[in-house]
> 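Pasting in a structure now, in structure tokens, and then I'll have a few things to ask.
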Amino acid sequence: VAVWASSTPASHEKRRLSPSEAAALRLVARKTWRYFETFVTPAHNMLPPDNFQEDPEPVAAHRTSPTNIGLYLLSTVAAHNLGWAGLAETAKRLEATLETLNKLERYRGHFYNWYDTHDLRALAPHYVSSVDSGNLAGHLIAVAGACRAWSRAGDSPRCGVLDMDAMTLAREEARLLRSKRRLPTLPWLRVEEDLAKLEQGLHGAAGDKDALAAPVERAEAVLDVIEAHALGESDNPASDLVFWLSAVTNSLKERLADFDRTTLQPRMASLAQAFRDMALSMDFSFLLDRQRQLLSIGYR
């Protein structure tokens with residue numbers, strides 16, 4: 001019965017996403033990556049906070065788990081492959097988190113279930129979760145594989161892609177603000193014209209170092225205009241627009257940094273080895289019930 005229930009139906013067909021569905025999912029994913037961009041910072045020792053509370057007041061939890069860490073590392077790989085982060089920036093993020101992981105207290109290679117992201121202490125009770133350790137080990141091996149591939153190629157198969165998703169979100173946010181008559185002093189026609197020219201300039205510029213200079217200047221000029229007109233607004237209505245435009249600018253600058261690849265390949269090779277070693281250092285033998293051939297849920 002179990003085998004039958006798990007089998008693939010004969011009529012099963014792989015459904016392909018339409019271009020509009022794929023584009024919509026990319027924007028959802030880009031907004032999700034914003035969480036990590038915003039909160040995985042030196043203030044949290046480059047670890048992902050477990051959650052962010054919006055109401056009744058904004059608060060980021062200063063604790064994290066092995067599953068959170070693994071998902072962040074894998075998301076960092078995806079962010080580069082989708083064109084949202086340069087390879088040098090990706091290496092910098094991975095190295096910073098790896099440095100923190102090497103400082104955390106462990107038990108037989110396992111990370112504890114919860115850590116304080118501010119002082120890095122393991123939170124009581126000290127507990128090894130088989131589920132979290134399994135998640136993290138799998139993620140570390142996957143990340144190591146990506147780093148190894150980048151160390152051989154010098155970049156990902158999607159090299160040269162700029163953050164067009166942030167550009168799309170910036171234009172959507174501008175249209176929304178204008179329709180709601182926010183920032184009434186802002187010259188909207190000029191801003192939208194500049195955004196259209198910026199988007200046009202991004203196409204085909206990624207592979208040409210000299211062609212990237214003009215879009216950087218245009219993006220920074222538009223940002224200056226928007227921020228100047230938003231200064232007097234108490235509720236900061238332009239914050240999302242500023243964020244997405246800043247993301248576009250950052251992706252241009254990160255792409256410029258990627259033209260110098262002399263140190264990137266050895267850095268990626270080193271990361272690949274470090275992440276794989278960290279995964280394989282986890283000793284699961286003491287968690288195994290040999291009679292039942294099942295892992296315990298964890299160990300306190």
Side-chain angles (χ1 to χ4, degrees), residues 22-23 26-27 29-34 36-38 40-41 75-96 146-147 149-175 186-187 189-228 238-268 271:
R26 280 188 68 99
L27 296 185
R30 182 63 187 87
K31 292 176 182 177
T32 304
W33 174 241
R34 179 179 177 177
F36 297 114
E37 286 180 294
T38 302
V40 181
T41 64
S75 296
T76 303
V77 170
H80 175 65
N81 285 342
L82 290 167
W84 306 331
L87 191 63
E89 176 64 20
T90 300
K92 181 180 175 182
R93 278 187 167 274
L94 293 175
E95 287 166 346
C147 292
W150 293 336
S151 72
R152 293 168 183 162
D155 205 342
S156 77
R158 295 178 181 269
C159 64
V161 180
L162 293 172
D163 197 345
M164 299 303 297
D165 296 308
M167 186 71 245
T168 300
L169 290 164
R171 295 198 69 182
E172 285 185 0
E173 186 62 27
R175 284 193 290 269
L186 189 67
L189 284 175
R190 175 190 159 191
V191 167
E192 291 186 350
E193 182 180 334
D194 285 344
L195 290 177
K197 289 179 179 177
L198 173 60
E199 186 170 13
Q200 186 178 4
L202 293 179
H203 290 288
D208 186 346
K209 186 175 183 180
D210 295 329
L212 289 170
V216 170
E217 290 181 8
R218 186 180 294 277
E220 290 180 337
V222 177
L223 266 173
D224 288 342
V225 171
I226 293 169
E227 289 180 321
S239 59
D240 286 339
L241 177 56
V242 167
F243 178 88
W244 295 121
L245 273 177
S246 298
V248 173
T249 306
N250 290 339
S251 89
L252 287 163
K253 293 177 179 178
E254 288 170 18
R255 185 61 198 146
L256 280 168
D258 283 353
F259 281 95
D260 180 14
R261 300 179 185 174
T262 53
T263 63
L264 280 175
Q265 286 179 291
R267 286 169 67 188
M268 284 300 178
L271 282 166

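None of these values were measured; they are calculated from a predicted model. Because only heavy atoms are used, hydrogens play no part in the values below, and waters and symmetry mates are left out as well, while side chains stay in.
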> To the nearest 0.5 Å, what is the distance between CZ on Arg267 and CD on Glu95?
4.0 Å
> In Å and rounded to the nearest 0.5 Å, what is the CD to CG distance from Glu217 to Leu212?
11.5 Å
> Heavy-atom distance under 4.5 Å between the side chains of Leu27 and Glu172, does that happen here?
yes
> Closest heavy-atom contact between Leu241 and Glu173?
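Shortest heavy-atom contact: N-CG, 3.6 Å.
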> Check whether any side-chain heavy atom of Glu220 lies under 4.5 Å from a side-chain heavy atom of Leu245, and answer yes or no.
no
> At their closest point, which heavy atom of Glu227 faces which heavy atom of Val242, and how far apart are they?
OE2-CG1, 3.6 Å
> Please assess Leu198 against Val222 for the test side-chain contact (heavy atoms from CB on, under 4.5 Å), listing each intermediate value before the final yes or no.
CA-CA 9 Å; Leu198 173 60; Val222 177; 5.6 Å; no
> Do Val248 and Leu202 have side chains that get closer than 4.5 Å, going by heavy atoms?
yes
> Do Val77 and Thr90 make a side-chain contact, defined as non-hydrogen atoms from C-beta onward lying under 4.5 Å apart?
no
> Drop me the distance from Met164's CE to Glu199's CD, to the nearest 0.5 angstrom.
4.5 Å
> Answer whether the closest heavy-atom distance between the side chains of Val191 and Leu186 falls below 4.5 Å.
yes
> Kindly give the heavy-atom pair with the smallest separation between Gln265 and Ser151, and that separation in Å.
NE2-O, 3.0 Å
> Return yes when atom CZ of Arg175 has more than 12 non-hydrogen atoms of other residues, nucleotides or ligands closer than 6.0 Å, and no otherwise.
yes
> Measuring from Met167:CE to Asp163:CG, what's the distance to the nearest 0.5 Å?
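Between Met167 CE and Asp163 CG, I get 10.0 Å after rounding to 0.5 Å.
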> Salt bridge or not for Arg34 and Asp240, using N-O below 4.0 Å?
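Yes.
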> May I ask you to test the Asp165-Trp84 pair for a side-chain heavy-atom distance under 4.5 Å?
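Heavy-atom side-chain distance check passes, below 4.5 Å.
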> Just by distance, do the side chain of Asp258 and the backbone of Gly86 share a donor-acceptor pair under 3.5 Å?
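Between the backbone of Gly86 and the side chain of Asp258 there is no qualifying donor-acceptor contact (under 3.5 Å).
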> How far does CG of Leu271 sit from CZ of Arg93, to the nearest 0.5 angstrom?
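One gets 14.0 Å once the value is rounded to the nearest 0.5 Å.
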> Quick check for you: to the nearest 0.5 Å, what is the distance between Leu87 atom CG and Leu264 atom CG?
5.0 Å
> Quick one: closest heavy-atom pair of Trp244 and Ala166, and the distance?
CB-O, 3.6 Å
> Answer yes when Glu254 and Lys92 have at least one side-chain N-carboxylate O distance shorter than 4.0 Å, and no when they do not.
no
> Looking at every non-hydrogen atom in both residues, tell me the closest pair between Pro215 and Gly201 and how far apart they are.
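Reported closest heavy-atom pair: CG-O, 4.0 Å.
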> Are any non-hydrogen side-chain atoms of Glu89 and Asn250 less than 4.5 angstrom apart?
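Glu89 vs Asn250: side chains apart.
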> Can we say Arg30 and Glu37 salt-bridge, meaning some charged N sits less than 4.0 Å from an Asp/Glu carboxylate O?
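The answer is yes: the pair qualifies as a salt bridge.
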> Determine whether Thr38 and Phe243 make a side-chain contact, defined as any pair of heavy atoms from C-beta on separated by less than 4.5 Å.
yes
> For residues Leu195 and Ala174, report the shortest heavy-atom separation together with the two atoms involved.
CD1-CB, 3.8 Å
